[in-house]
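These notes concern the structure reproduced below.
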Amino acid sequence: MGKGLRGVDKKAGEVSKPNYQPGPIDDLLLKFFRRKMAEEVGWDSQKPGYDGLMEAVNQLMMKGSKQEIEQTAVRVLRSLFPPSLPELFQLIITPIGGGKPAAMMLARATALLCQWLMGRCTVNSVDLPDGSSSTTGVFVERCKYLEESKCVGVCINTCKLPTQTFFRNYMGVPLLMEPNFQDYSCQFKFGVAPPEPAEDKTLLEPCLEICPNATRRRELSTRASAMQCPKA
């Protein structure tokens, strides 16, 4: 795996993108994930690498309702694992120690195997519902997937919600993902259940400043409802 460092621009207060350099294993994981995405979407881009993946993701966003998009993304996640592995994990590993060892294992696996998708990330400690703290968190310094998609809706519907659903339903471990749409960081909290949709503030986020359609939308209306990302 490649290693990345968080750099600082010459201008005071400006932080550059983490300099994560993908290695050969990262490239293989990207190709595998993209192939599975293309199989589900029924289409693939002619662009190479990450740019092509983003075009396939945008194609997924046009596939149907938000629920259908989430279900498709969950199937993509399931296809990344060997048959029966998630079920065996849920049956054998998850019940141990109230699920805490399983959450710790998943946090470490995510930090190790997903930097090709999200950029530099590290395992950290988070507060659990029982009042204790544990190293079941993953902090993504600056999510490449969010920044390259330039869309709150893409983040929520193709990543946050389906990933939370996958780990809860197929690994038996609750997961809360907290993307920060100001600095593009993201906090994973394995072992913590997400709030109900009506209470999840991330679902009401406005468009990103870098969204190509955000400026035009702000010019047309100043109403709060118009500011909310229409794809979220």
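Bear in mind the structure is a predicted one, so any value in this text is a computation, not a measurement.
Between Leu161 and Glu70, the closest heavy-atom pair is O-OE2, 3.7 Å. When all heavy atoms of Asp44 and Ala56 are compared, the pair lying nearest together is OD1-CB, 4.5 Å. Across all non-hydrogen atoms, the minimal contact from Met177 to Cys159 is CE-SG, 3.8 Å. Minimum interatomic distance between Val173 and Thr94 (heavy atoms only, all atoms of both residues): CG2-OG1, 4.0 Å. Listed here is the closest heavy atom pair of Leu208 and Lys150: CD1-C, 3.6 Å. Shortest non-hydrogen contact noted between Leu30 and Tyr50 is CD2-N, 3.9 Å.
Rounded to the nearest 0.5 angstrom, Glu147 CD and Asp183 CG are separated by 10.0 Å. The CG atom of Leu29 lies 6.5 Å from the CG atom of Leu113; values are rounded to the nearest 0.5 Å. With rounding to the nearest 0.5 Å, the separation of CD in Glu205 from SG in Cys155 is 9.5 Å. Within the model, atoms CG of Leu146 and CE of Met118 stand 12.0 Å from one another, a figure rounded to the nearest 0.5 Å. In this structure, CG in Leu175 is found 9.0 Å from CG in Leu106, a value given to the nearest 0.5 Å. The CG atom of Leu77 sits 6.5 Å away from the CZ atom of Phe33 when rounded to the nearest 0.5 Å.
Contact check on Lys189 versus Glu178 returns a salt bridge, with a Lys/Arg side-chain nitrogen under 4.0 Å from an Asp/Glu carboxylate oxygen. Using a 4.0 Å cut-off between charged side-chain N and carboxylate O, Glu39 and Arg35 make a salt bridge.
Grouped by direct or indirect side-chain proximity (heavy atoms under 4.5 Å, Ile/Leu/Val/Met/Phe/Trp/Tyr only), Leu176 sits with Val126, Leu128, Val192.
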Passes side-chain contact (heavy atoms from CB on, under 4.5 Å), Glu40 versus Leu60? Steps please. CA-CA 8 Å; Glu40 275 292 338; Leu60 170 60; over 6 Å; no
side-chain contact (heavy atoms from CB on, under 4.5 Å) between Leu53 and Leu117, worked out: CA-CA 10 Å; Leu53 172 63; Leu117 179 65; 4.2 Å; yes
Walk me through whether Ser45 and Gln59 qualify under side-chain contact (heavy atoms from CB on, under 4.5 Å). CA-CA 9 Å; Ser45 169; Gln59 190 74 14; over 6 Å; no
Could you walk me through whether Lys100 and Ser132 satisfy the side-chain contact (heavy atoms from CB on, under 4.5 Å) test, starting with their C-alpha distance in whole Å, then the side-chain angles of each, then the deciding distance to 0.1 Å, before giving a yes or no? CA-CA 11 Å; Lys100 189 176 293 185; Ser132 66; 3.3 Å; yes
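Leu28 and Leu80 are assigned to two separate hydrophobic clusters, defined by single-linkage of ILVMFWY side chains at heavy-atom distances under 4.5 Å. Residues Trp43 and Val57 share a single hydrophobic cluster, defined by chaining ILVMFWY side chains whose heavy atoms lie under 4.5 Å apart. Using a 4.5 Å cut-off between side-chain heavy atoms of Ile, Leu, Val, Met, Phe, Trp and Tyr, with links allowed through other members, Leu85 and Met104 fall into different hydrophobic clusters. Tracing side-chain contacts under 4.5 Å through hydrophobic residues (I, L, V, M, F, W, Y), one reaches Met171 starting from Ile92; they form part of the same cluster.
Between Gln71 and Val74 the shortest side-chain heavy-atom distance does not fall below 4.5 Å. Between Pro230 and Cys207 the shortest side-chain heavy-atom distance falls below 4.5 Å. The shortest distance between side-chain heavy atoms of Asp27 and Pro22 falls below 4.5 Å. Side-chain contact between Met54 and Tyr145: present, with at least one pair of heavy atoms (C-beta onward) separated by less than 4.5 Å. Using a 4.5 Å cut-off on side-chain heavy atoms (C-beta onward), Cys211 and Cys151 make no contact. Side-chain atoms of Thr202 and Phe181, non-hydrogen and from C-beta on, do get closer than 4.5 Å to each other.
Not one N or O on the side chain of Arg108 forms a donor-acceptor pair closer than 3.5 Å with the backbone of Val123.
Scored by the side-chain contact (heavy atoms from CB on, under 4.5 Å) test, Met105 finds Phe89, Ile93 as partners (sequence neighbours excluded). For Phe190, the ring pair (Phe, Tyr, Trp, His ring centres under 6.0 Å) test picks out Phe167, with sequence neighbours left out. For Lys66, the side-chain contact (heavy atoms from CB on, under 4.5 Å) test picks out Asn157, with sequence neighbours left out. For Asp127, the side-chain contact (heavy atoms from CB on, under 4.5 Å) partners are Ser133, not counting sequence neighbours. The ring pair (Phe, Tyr, Trp, His ring centres under 6.0 Å) search around Phe166 returns Phe81, Tyr170, not counting sequence neighbours.
Looking at Lys160 and Gln164, their side chains do bring a donor and an acceptor atom within 3.5 Å of each other.
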